[in-house]
Amino acid sequence: MADGKPKKKIRPGLIEADPVESALLVHYEVEEILDGETVDKKQQVKKIKLNALSPDCDLPAVAQDVVDKCKLISQAKLPLVIKVLEALISRIQIKTQSDEDDYVEWDNQWQAQRRGEVDRYIGEGEKQFEMDANVAISLDNLDSYLELLYEDAMEEKIKGTFMILQLVRDPDNLEHLITNEQFLGVITRVFREEAKKSMDLMINLVYVFFAFSNFNTFHPAMTEYKMGDMVMKVVELELKRDQHRKEELQQRSKDLSAEEREKEAKKMKITEKKQDKLLYVCFHVLLNLAEDITVERKMKKRNITPMLISMLQRKGGELLLLAIAFLKKLSIFRENKDEMRENGVASAIVKFVPGHTDEMTMAALRLMLNLSFDTEVRGELVKEGVVPKLVELLKRPQFRHVALKLLYQISMDDKCKSMFTYTECIPMIINMIQNFPERMVEKTLAALGVNLATNARNAEAMASPETLNALLSRLFQTKDPLLAKMLRNLSQHEGPVKMRFAEYVSDLAALARKTESPDLLVELLGLLANMTMTDIPFSQILLDYDMVSFLHKHLAQGASEDDIILEVVIFIGTCVLDPKCAPIFADNHLVQVLYDLMADKQEDDEIVLQITYTFFRCLQHQSTRDVLLNHTQVVSYFVDLLYDKNEEIRKMADQTLDVVMEFDAEWARQIRLRKFQIYNAEWLQAVEREDQGLDAETELLQARMAHVRMGQGVLIEDMAEGVYGDPGSPHLRLTSDDFAHEEELDDDE
């Protein structure tokens, strides 16, 4: 009996060098299993730091020490660990001082982003106001801070808001402040009436709003005091101001000297930097409030999406990152996604791949992934040249997973598949599949390979003799259904690619014969069915691997799923290309089994079509033709299929009947007659009516006369229609006596 607690199963994966530090990255998957079923899977990475690693160290000893201490690395992986360590040492040797400086800068940026936004802003403000760090900021002094907001001097108001801003640094103060109606009333009033006069004042107050917006419990109070609405108005105002400033500068620059233009450009740059800071915190407040879907819908009505897309033209790194993150959140709804597409989000976002920082690159990739489910957006991304950029990101482990998903989305479009031929993508994908550390290739990677294999040019690049041998060797070892699907797609292309599979047909048949996986069996049978070359000795394969009993087993009623049955039928049709297979199928009653299956699966158009095609091939061999024509009613069935609603089935049935006519004169006469009757059915019916000499009016008149002969008189409806004259005349009704009198006259004559 299960204890209710899931068991964890860990599968080690890829081992690679950390892209920045002197460390190894060991990828592994944690699988939680409950009652024999997988309930969760998580991809994780363990970092093994190697601070003592140097060109002079004993490499094998260091590698052995890593293997001994890390349970995720088996002894068999020791050569791989040594190889990765060699790559790390090589990187250390060629690392220059500029590389170290770049890393320090990257690390500083990363550390800065980890700090709280309010704390960081206050740290900058303390320098601005030259405040003493020892001066305590306390709730007890709240009234004095609020009094500063009533001062006429703007500097005092800014200082007061800055004091309040320091209060909200402490989350414990927020609950008290949010319940203080006087506090909320004052800061919202000052925001409405005074904030437009000073950007510094506005920034301070928006940062106060931001501190509250970080906690969902305070959102109702923010909504009550319309803080979100005020912040939205600030964004709208600043965007209008920015547009006006740019237009004004453009008009004035014509009359300015070079020195004056340079001075104006510097002023504009300073203003934009300050504005970026304001817009950043405004959008951050809105992002936090947008956790409520109702609030998000209100923002959409006020054109939040075009505003965010316009932010992608700014230069502030933090603002750009926030805008991308906000767009990603909005993009999960179709109406937002459509609006982004209409506002040219594809061309705006591609330039951030890669971005200035890893965080920005990842944010842009995730936004593109959400948008890539739209066919039009995918097309626009491809036009903007995203494919080569994504291929380049495959070389960087931290982006590989998302880049693979995006490339897979793009590969679904047939017109885009050929673009992969001219990049490094195909060699990289094949290499990753060949050397994937786990038994089953990761699904996204395998799916990308499956899609690319459907293109003829890609297939030629993917299926060189050495590569094909390596892929098939992996298939025989791992029995991976997705790998088999990729190979099946490769095998469908005529020419050299298909010919390279010929030497592996026997091994593939043996694997199909013994596999117990339905998914793998479908792909293997499909691959074998693609082997339509005439020199494949299928008759020998049928005998060597007892394939006939295998085929009987899967064609038995209820024994297999329809997708397996379909592939079995197609495989039989391929086997019949070898004339020596026909007697084998005839003698083992396989033809009769297919005939019975055709009746059983008559509602499945695909199976009926493939069986018809298989019989088309069987009719070209004496042994199977005799069985079909003399021991089944298949010809009558094909004649019935001429009426089928599926056009392809009708065409195939017609072609099959043509083959029957070619080999059997008696059947030919009957088929010609039946086809004549089918194709000329309307004309034959018209001739039959003419032969009877009855048209519609004659039939109606005879019916009426018969009615009168029965003594019932003229039909009332005939009288109403005036068929026999005026309905008001007393001499209109004829009876059987009138007709009797006429008969007497005839007798007298």
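- Side-chain contact check for Leu327 versus Ile349: every heavy-atom pair is 4.5 Å or farther apart.
- For Arg297, the CZ atom is loosely surrounded, since the number of other residues' heavy atoms within 6.0 Å does not exceed 12.
- The number of heavy-atom neighbours closer than 6.0 Å to NZ of Lys351, taken from other residues, nucleotides and ligands shown, is above 12.
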Worked verdict on Arg334 versus Asp374 for salt bridge (charged side-chain N to carboxylate O under 4.0 Å, His left out): CA-CA 9 Å; Arg334 182 179 301 167; Asp374 184 286; over 6 Å; no
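- Other residues, nucleotides and ligands contribute more than 12 heavy atoms inside 6.0 Å of the CD atom of Glu193.
- Side chains of Val168 and Phe210 form no contact here, defined as non-hydrogen atoms less than 4.5 Å apart.
- Annotation: side chain of Leu142 is not in contact with side chain of Gln182 (no heavy-atom distance under 4.5 Å).
- For Arg366, the CZ atom counts as loosely surrounded, since its 6.0 Å shell holds 12 or fewer non-hydrogen atoms of other residues, nucleotides or ligands.
- Between the side chains of Thr454 and Lys417, at least one donor-acceptor pair of N or O atoms lies under 3.5 Å.
- Here the side chains of Lys233 and Arg302 are in contact, with some heavy-atom distance below 4.5 Å.
- Ile426 approaches Ala461 most closely through the heavy-atom pair CG2-CB, 4.1 Å.
- There is no side-chain donor-acceptor pair under 3.5 Å between Arg241 and Gln275.
- Residues Asn336 and Ser331 have side chains that never bring a donor and an acceptor to within less than 3.5 angstrom of each other.
- Within 6.0 Å of atom NZ in Lys300, more than 12 heavy atoms from other residues, nucleotides or ligands are found, so the atom counts as buried in its surroundings.
- Annotation: side chain of Lys246 is in contact with side chain of Glu272 (closest heavy-atom distance under 4.5 Å).
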Please test Lys277 against Glu318 for salt bridge (charged side-chain N to carboxylate O under 4.0 Å, His left out), starting from the C-alpha separation and ending with a verdict. CA-CA 9 Å; Lys277 185 185 294 185; Glu318 292 179 344; over 6 Å; no
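- Listed by first and then second residue, the side chain to side chain donor-acceptor pair (under 3.5 Å) pairs involving residues 216-225 are Asn216-Glu291 (not counting sequence neighbours).
- In this structure, Arg396 pairs ionically with Asp358, as a charged nitrogen and a carboxylate oxygen lie closer than 4.0 Å.
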Going through the distances and angles, do Lys269 and Asp276 end up as a salt bridge (charged side-chain N to carboxylate O under 4.0 Å, His left out)? CA-CA 10 Å; Lys269 190 174 181 180; Asp276 282 352; over 6 Å; no
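- The side-chain heavy atoms of Glu29 and Gln44, taken from C-beta on, include no pair separated by under 4.5 Å.
- In the displayed structure, Arg314 atom CZ is contacted under 6.0 Å by more than 12 heavy atoms of other residues, nucleotides or ligands.
- Around atom NZ of Lys395, more than 12 heavy atoms belonging to other residues, nucleotides or ligands sit under 6.0 Å away.
- Looking at Val208, Val206, Val234 one by one, the single match for side-chain contact (heavy atoms from CB on, under 4.5 Å) with Val285 turns out to be Val206.
- Here ring pair (Phe, Tyr, Trp, His ring centres under 6.0 Å) pairs that include residues 167-201, with residues two or more places apart or in two chains, are Phe191-Phe209.
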